[in-house]
There are 2 protein chains.
Amino acid sequence: MAEEGFRGPQVCKIVGITYRQLDYWARTNLIRPSIADAKGSGTQRRYSYRDLLELKVIKNLLDAGVSLQLARKAIEYIRQNLGDDVATASLVMNGPKSVLTRSDGEVIDLMRQGQGVLNIVPLGPVVEQLDAAIHELRPAGAALQDEAAPAKAASAGG
Amino acid sequence: MAEEGFRGPQVCKIVGITYRQLDYWARTNLIRPSIADAKGSGTQRRYSYRDLLELKVIKNLLDAGVSLQLARKAIEYIRQNLGDDVATASLVMNGPKSVLTRSDGEVIDLMRQGQGVLNIVPLGPVVEQLDAAIHELRPAGAALQDEAAPAKAASAGG
DNA sequence: CGTTGTAACTACGCGCCTGTCACGCCTCGG
DNA sequence: CCGAGGCGTGACAGGCGCGTAGTTACAACG
């Protein structure tokens with residue numbers, strides 16, 4: 001009956017990770033399925049759209065060579081500070097410290113004063129990648145919650 | 001007696017890494033001492049100033065949460081593309097691909113078109129940190145090559 | 001030339017992260 | 001109500017990146 005959210009294996013395909021990664025991250029409290037946790041073998045984890053977004057951020061971080069340890073801190077920061085308008089923000093990490101920026105100028109300022117390496121994650125493209133993957137891997141007849149995704153008439157990107 | 005270069009333990013103090021890291025990196029071909037390699041127990045590795053620079057870049061990358069695997073690619077790229085004027089350049093990595101930039105504007109362009117995470121390493125501060133550490137940890141009586149530091153040598157490789 | 005010091009070498013093991021396999025359990029379709 | 005398949009789970013294996021401890025070998029000093 002078309003419950004809310006996304007199940008484990010489907011999440012893996014959408015985000016582009018392996019099931020073991022998803023499982024490991026859930027067990028180590030990186031990302032728990034916020035709709036429904038697993039209650040033993042045979043049950044199902046239910047991930048929300050926001051979960052997918054965070055997972056995609058992590059996936060991008062890992063692809064960029066960032067350690068999982070730093071990714072944990074990044075997600076922690078995002079959970080506390082990122083509001084609803086995701087697409088316009090960029091996550092900037094200076095070592096263990098994270099900052100959210102809304103314009104390019106802020107990034108330049110951070111570059112000039114920053115004494116270390118900066119890891120920059122533009123969140124706009126992340127949303128686009130995610131939505132594209134969801135639409136592509138969404139089998140017909142499973143049109144569950146349209147509004148879980150911040151609809152925004154996705155045809156902009158394609 | 002005042003041979004060229006820096007020895008292993010001293011390199012560790014200057015760069016801020018452990019001896020095991022230096023050793024491991026040398027054995028796994030990340031950074032070999034370019035002046036004199038080890039020839040068995042009791043011998044000494046001799047690192048050049050340029051080696052220290054690369055080591056410091058790696059150290060900063062690790063501190064920023066970048067994996068050693070990506071750091072290897074970064075160093076590889078730096079070796080091939082970074083010339084003499086180090087301080088004005090910034091290394092920008094987009095996943096496994098690296099680019100060197102000379103101005104802030106280039107970074108902005110990369111940010112806008114980049115589809116993934118950007119790792120930015122301003123090299124100027126790296127040089128400053130390195131020189132400061134060298135001067136601080138250089139005990140009197142060991143005033144060997146003052147000009148091993150960037151005296152803008154005519155040839156790069158030796 | 002023997003002793004001491006230092007630095008490189010070796011062996012062992014840990015923690016992290018991930019892949020693989022076998023196994024129960026729940027849900028769905030009939 | 002029953003069978004089939006999907007899904008979470010636990011156990012194990014394995015590579016990476018080191019830390020720790022002990023050993024070996026060169027170099028300087030007396």
**Request:** For A:T18, answer base if it contacts any base atom (sugar-phosphate contacts may also be present), sugar-phosphate if it contacts only those atoms, and nothing otherwise; contact means non-hydrogen atoms under 4.0 Å.
**Result:** sugar-phosphate
**Prompt:** Rounded to whole angstroms, how far apart are CG on A:L62 and P on C:dC16?
**Reply:** 16 Å
**Item:** Length of the line joining A:K59:NZ and C:dC17:P, which is rounded to integer Å
**Value:** 16 Å
**Prompt:** Under 3.5 Å, is there a donor-acceptor pair linking the side chains of B:R72 and B:T28?
**Reply:** yes
**Asked** Could you state the CZ-P distance from B:F6 to C:dT6, rounded to the nearest angstrom?
**Response** 20 Å
**Request:** Output every pair passing salt bridge (Lys or Arg N to Asp or Glu O under 4.0 Å) with a member in residues 15-33 of chain A, not counting sequence neighbours, ordered by first then second residue.
**Result:** A:R20-A:D23, A:D23-A:R27, A:D23-A:R45, A:R32-A:D37
**Prompt:** Looking only at side-chain N and O atoms, does A:R72 come under 4.0 Å of OP1 or OP2 in C:dC17?
**Reply:** yes
**Item:** C:dT18 phosphate, OP1 or OP2, under 4.0 Å from A:W25 side-chain N/O
**Value:** yes
**Complete:** Among the nucleotides D:dT9, C:dA7, D:dA25, whichever has the atom closest to the side chain of B:S41 is D:dA25
**Item:** Touch class at under 4.0 angstrom, heavy-atom based, for B:R27 against every strand present
**Value:** base
**Asked** Any side-chain heavy-atom pair from B:L68 and B:I58 closer than 4.5 angstrom?
**Response** yes
**Item:** Residues A:T101 and A:S90: side-chain donor-acceptor under 3.5 angstrom
**Value:** no
**Fill in**
Which of C:dA7, D:dG17, C:dC26 is nearest the side chain of B:P9? It is C:dA7
**Complete:** Hits for side chain to side chain donor-acceptor pair (under 3.5 Å) against B:S98, two or more places apart or cross-chain, chain-then-number order -> none
**Nearest-Å distance for atom pair CD1/P, residues A:I58 and C:dT18** = 10 Å
**Request:** Using the closest heavy atom to pick a nucleotide of DNA chain D for each, name whichever of B:Q69 or B:Q44 lands nearer the 5' end.
**Result:** B:Q69
**Complete:** Here the distance between atom C1' of D:dC7 and atom OH of A:Y47, to the nearest Å, is 12 Å
**Asked** Where the side chain of A:L68 is concerned, which of D:dG8, C:dC17, C:dA8 is the nearest nucleotide?
**Response** C:dC17
**Message:** Can you see if the side chain of B:Y19 gets near the phosphate of C:dA8 - specifically, an N or O under 4.0 Å from OP1 or OP2?
**Reply:** yes
**Request:** Between D:dC18, C:dA7, D:dG8, spot the one nearest the side chain of B:Y24, thanks.
**Result:** D:dC18
**Message:** Under 4.0 Å from OP1 or OP2 of C:dC9: is there any side-chain N or O of B:R45 that close?
**Reply:** yes
**Prompt:** If you pin A:Q21 and B:G40 to their nearest nucleotides in DNA chain C, which one's is more 5'?
**Reply:** B:G40
**Item:** Side chain B:R20 and base D:dT20 donor-acceptor under 3.5 Å
**Value:** yes
**Fill in**
Per nearest nucleotide of DNA chain C, the residue lying toward the 5' end, B:R7 or B:D23, is B:R7
